[in-house]
Structures are given as C-alpha cells and as structure tokens.
Amino acid sequence: VRRGLLWARLTLSNGQSLLVANTHLTPFTSLHHLREAQVHSIGSFLCSLDSRPVDHVVVGGDLNIATNFSCPTASAHRRHQQASWLYDFFTQRTGLQDTHRPSGDSEVLLTYNSRFPALNNLRKRKSKKRLDYIWSGSRSENAMLNVRGTGVEFTEPLSASGQIDPALGIYPSDHFLYYAILEFLPR
C-alpha cells in the first residue's frame, strides 16, 4: 500500500518558516512492518530538511496508531504493543512531540466516528482512543513553538447549511476534525 506525505512550506507573519504535512498511514494492523516503513520514510523526509532548514514542523493525519484500548485476546494485546511501539518510534524518528500531551490535556480524545461501519470493530471493543494525531516541534534555536490546546469539532451530523441536524444531517467524515492551537514565538 503506497501512501504519501502532503506538505507545504509556509512563511509566518513573524518571518519564521513552517513546514506543515499531512499523511494517512495504512489502517491494516496486520501490516505493522508497512506502517513502520511509512514512519521511517516520514522521518527521512524530515531529516532531509536540514539542507533547507525550517523553524517549525507540524505533521498530522490519520496515523492509525491507537495506544489505549483493552486487550481481551492475545492478538489484540500484540496489536496494542505494536501501536505503542509505533507511537514511540514516530516520536524518536521524527523528533516531534504529540501536541495533545504538552498542552496539558489529560482527556483521551475520540477522533473518529464509531458509528461508521468500517470502524465498528473499535466500537465493539469500547475503545475511546485517537487514531488522528498532530505532532509538532521547533527545529531552530531562534524559534519556539507553544501548544495552547487541542480539541475535536464536527462530532455531530450536519445539514447542508452546516447546522447540527441529528435527524437528517450527515457526518462530514468518518473522522472528526482534530485540531491543535499552536503559537510560534521567537526565542
């Protein structure tokens, strides 16, 4: 399964540069080796930025890394261990931090819609976990990134006009809008 990294390099109003990237790692837990290779590729890409430095990096997306679910079977326990390892590997390989943790948020955010048929198996496990992440970090000694908070939006069905409509509305996606509020500062 070939997956890519969508990215853009921006110049902020304070003159600092920001690389923003988005990806979707393979959802197949049986292909753990493939997810590891995808994370390794993202890390290699970020390392290549040393030739064209940026002050800040933000990488987000559906990483399909769920680290906090119950393990009623041996195979579920193995998937949990692989997901926990992949979470740590992503941090180590990219040098970025999970924005949800430094913001002081202790609540585990549900970032996907468990009402979608493809995600039924997560609902059956009574899983309250994130599949979506935003990772960030500063790469310059002259710049600092501050995480002000994280959250989710679009958790209810919406009408065509954007109003909440539980009876006739639809969900914009099988995932909710997961966001981080970031502040880019000089050091």
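Keep in mind that this is a model prediction, so the values were computed, not measured.
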In the structure I gave you, are the side-chain heavy atoms of [X] and [Y] within less than 4.5 Å of one another anywhere?
X: V57; Y: L96; value: yes
X: D98; Y: Y87; value: yes
X: S136; Y: V58; value: yes
X: V54; Y: L18; value: no
X: N14; Y: L185; value: no
X: Y171; Y: L158; value: no
X: V20; Y: N22; value: no
X: L145; Y: L182; value: yes

So which heavy atom on [X] is nearest to which on [Y], and how close?
X: P157; Y: P166; answer: CG-CA, 3.8 Å
X: A180; Y: T99; answer: CB-OG1, 3.8 Å
X: R93; Y: S44; answer: NH2-OG, 2.8 Å
X: H100; Y: Y178; answer: CB-OH, 3.4 Å

Inset, instruction - Keeping the roles fixed (side chain from Q97, backbone from W135), state whether a donor-acceptor pair exists under 3.5 Å. - result: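 Pair absent, no side-chain N/O of Q97 close to backbone of W135.
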Inset, instruction - Verify, without hydrogens or angle tests, whether S138 (side chain) and S140 (backbone) share a donor-acceptor contact under 3.5 angstrom. - result: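 It does not hold such a pair.
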Legend entry - Pairing residues for H24 by the ring pair (Phe, Tyr, Trp, His ring centres under 6.0 Å) criterion, not counting sequence neighbours: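 So H24 forms no ring pair (Phe, Tyr, Trp, His ring centres under 6.0 Å) with any residue.
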Any donor-acceptor N or O pair under 3.5 Å, side chains [X], [Y]:
X: R139; Y: H56; result: no
X: D132; Y: T111; result: yes
X: S161; Y: S159; result: yes
X: Y133; Y: D62; result: no
X: Q16; Y: D55; result: no

Inset, instruction - For I42 and T94, run side-chain contact (heavy atoms from CB on, under 4.5 Å): C-alpha distance rounded to whole Å, both residues' side-chain angles, the deciding distance at 0.1 Å, then the answer. - result: CA-CA 7 Å; I42 292 169; T94 64; 4.1 Å; yes
Legend entry - Spatial distance of atom CG (L63) from atom CD (Q38) [nearest 0.5 Å]: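 So the gap between those two atoms works out to 9.5 Å.
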Check for me, please, whether [X] and [Y] land in the same ILVMFWY cluster - side-chain distances under 4.5 Å, paths through other members count.
X: L86; Y: L5; result: yes
X: Y179; Y: L10; result: no
X: W7; Y: L25; result: yes

Legend entry - Crowding at CD, E183 (>12 non-hydrogen neighbours, <6.0 Å):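 Yes, CD of E183 has more than 12 neighbouring heavy atoms, counting only those of other groups under 6.0 Å.
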Inset, instruction - Applying side-chain contact (heavy atoms from CB on, under 4.5 Å), run through M144 and F184 and close with a yes or a no. - result: CA-CA 6 Å; M144 186 172 78; F184 304 96; over 6 Å; no
Inset, instruction - Could you check whether the rings of F89 and H40 sit parallel, tilted or perpendicular, using 30° and 60° as the cut-offs? - result: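 F89 vs H40 ring planes: parallel.
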Inset, instruction - Just do the side-chain contact (heavy atoms from CB on, under 4.5 Å) check on T150 and I181 with the steps written out, would you? - result: CA-CA 6 Å; T150 59; I181 301 168; over 6 Å; no
